[in-house]
Amino acid sequence: MELRDETQKLKRAHVILKEKFGYEQFRAGQWQVIQDVLNGHDVFAMMPTGSGKSICYEVPGYLMEGLVLIISPLLSLMEDQVHQLRKIGEKQARALNGLMHPQERKRVLQKINTLRFLFISPEMLRQPQILAVLQRTKVSLFVVDEAHCVSQWGHDFRPDYLYLAQIKAKLGYPPCLAVTATADERVRVDIARALDLRDVRQLLMSVDRSNIALIVKKVMDNSEKVDQLIQLLSKVRLPGIVYCAARDWTERLAEQIRLHTGLRTAYYHGGMDAVDRRKIQNQFLDGELDVLCCTNAFGMGINKPDIRLVVHFQFPGTMNAYLQEIGRASRDGKQGLAVLYYTEQDERYPSGFIDMNFPDDTMLHQVLVELDQGLLQTEPKDNFLETLQGRGASETAARFLYEQVRAVPREKRFLSILDECRRIIRERRIIQMNDLKVMKDYINSNTCRRAFYQSFYKEKQQHKPKLCCDQCGLQFDAFSGEESPEDRPHSEQILEWRARLTLLLKGSDHEK
DNA sequence: CGGCCGACGGATATCCGTCGGCCGGTGCGATATT
């Protein structure tokens, strides 16, 4: 009888897809995930961005009894997703966050039993009052969106991510669905552990984006980089994103680009206020900008199908981050280009960031001693964090230390956790340094770029696109235009490009 | 890790080199103060 129920559910999934979302068929991967979810399994799904990850929990939301709880890393992402659901007429979708008026938050909690979808941050979810309300509610599905954040941020930057397993337990172990576009094997294991996934079904789609041509270009110094970038921007298709490691670089570059190319250029980073950020983001989405210089603050949840170029003015510290960032190009399947400029000095950024994530050993030791002597208190939290930052710790390092000391029982000495802290820091450092090494190896490798990361992800190289990478004969000069237009071997490239475009267009027609 | 800035000292009355220290990226929520 149970079996018949399940079959019924699966049939109804197709009906929901058509009636609510207006699609005839599930796309690759979606159907498998939905089946596993409806059958009550924990599921880990790695699907490329733009492949319709949200359908994977939205459709089950209509077939399971109770609330679908979606843990999301960004408030803007939650708002967007609620908005999307509203557009298809779903009224029982809400977000719960700190920007809301307390009254409104209360109202959402009061009618929680009538909701179908609730979007929430890991921080909010950890609040005892919120959790108490959720404990009285039936949670049908526990979704972790952008699940790579668990591993990428949970260990230092946003420690609340590491409490999701505990919260899941308090909610009575609802089935869990973790989705992301990029997670190498180590990250997958890390996520599975942090979320306490059991008997997990995995759907692993390729991380490769074959329509994005890859180029790594080594240059002497930053001024050469700026020159080359400006040339590149005036030759290739736009809009484009230029990723920088530091905020001041985004501003300086934007200025330079505007000056030398006249392109509509803006910058975006986490130091700007929320209104400006929204404004720039919307301008970019609406096609009012050609170039956006930004830090890694920009990108998550950005769904603009026609970004043609992603430049790395400095490279990120992990392969996952790199693939996330270049993956924002050409979601529509047309030809895109990713260019990474490299000088040896650029390494200082990622290695500096790794250093900043943790307190140094002197501070660690000193703080534990002072806590034991009563010269320092862990509470109130903000005072503790401020004191540490006053002594030169980064905000992340301070918060890391707070997470370590907050749970030390009264009868124990703080110094007793010294070795444990040292071990954690050492291990995390090794992991991050290894990630960085992989990224450096990618840059310095003299084999196919695509083959390199596919092997890192333990994927077999499926099909090699014609416009693959600089190692496979893709001419950087054809894009950058270092020579005069006449003597460039350009026309052939363009022809090839056109031919490919046509093919792609035909291909997508065929799919429909 | 390395670029950048300010301090400092030496040789000369303003400049020049060197050295040490600092800084650098992601966002949530809550709370107190203008």
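Numbered from 1 within each chain, the chains take letters A, B, ... in sequence-line order. Given the structure is predicted, the values throughout are model-derived calculations rather than measurements.
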Q) Under 6.0 Å from the CE atom of A:Met205, do we count more than 12 heavy atoms belonging to anything else shown? A) yes
Q: Going by the side chain to side chain donor-acceptor pair (under 3.5 Å) test, name the single residue among A:Asn296, A:Thr182, A:Thr318 that passes it with A:Gln324.
A: A:Thr182
Q: In plain terms, say whether A:Glu104 and A:Arg107 are close enough for a salt bridge, that is, a side-chain N and a carboxylate O under 4.0 Å apart.
A: no
Q: Report yes if the ring of A:Phe157 lies under 5.5 Å from the six-membered base ring of B:dT26 with planes under 30°, and no otherwise.
A: yes
(Q) Is it the case that the side chains of A:Arg328 and A:Tyr243 hold a donor-acceptor pair, with the cut-off being a distance below 3.5 Å and no angle test? (A) yes
Q) What does A:Asn357 touch in the nucleic acid at a heavy-atom separation under 4.0 angstrom: a base, only the sugar-phosphate, or nothing? A) base
Q.
B:dG29, OP1 or OP2 - any side-chain N/O from A:Ser121 closer than 4.0 Å?
A. yes
Q: Using only side-chain N and O atoms of A:Arg277, determine if any of them is under 4.0 Å from OP1 or OP2 of B:dG27.
A: yes
Q) Taking a pair as Watson-Crick or G-U wobble with both distances under 3.5 Å, which nucleotide is matched to B:dG9? A) B:dC16
Q) Using a cut-off of 4.0 Å on non-hydrogen atoms, how would the nucleic acid contact of A:Ser394 be classed: base, sugar-phosphate, or nothing? A) nothing
Q: Look at the side chain of A:Arg158 and decide which nucleotide, out of B:dG27, B:dT26, B:dC1, has an atom nearest to it.
A: B:dG27
Q: Between A:Met356 and A:Leu74, name the one whose nearest nucleotide on DNA chain B is closer to the 5' end.
A: A:Met356
N/O-N/O pairs, protein side and nucleotides 30-34 of chain B side, under 3.5 Å:
| unit_1 | atom_1 | unit_2 | atom_2 | d |
| --- | --- | --- | --- | --- |
| B:dA30 | OP1 | A:Gln127 | OE1 | 2.8 |
| B:dA30 | OP2 | A:Arg105 | NH1 | 3.4 |

(Q) Is it true that, when you exclude A:Gln103 itself, more than 12 heavy atoms of the residues, nucleotides or ligands shown sit nearer than 6.0 Å to its CD? (A) no
Q) Do A:Asn444 and A:Lys218 have side-chain atoms, one donor and one acceptor, less than 3.5 Å apart? A) yes
Q. NA contact type, A:Gln345, heavy-atom cut-off 4.0 Å: base, sugar-phosphate, or nothing?
A. sugar-phosphate
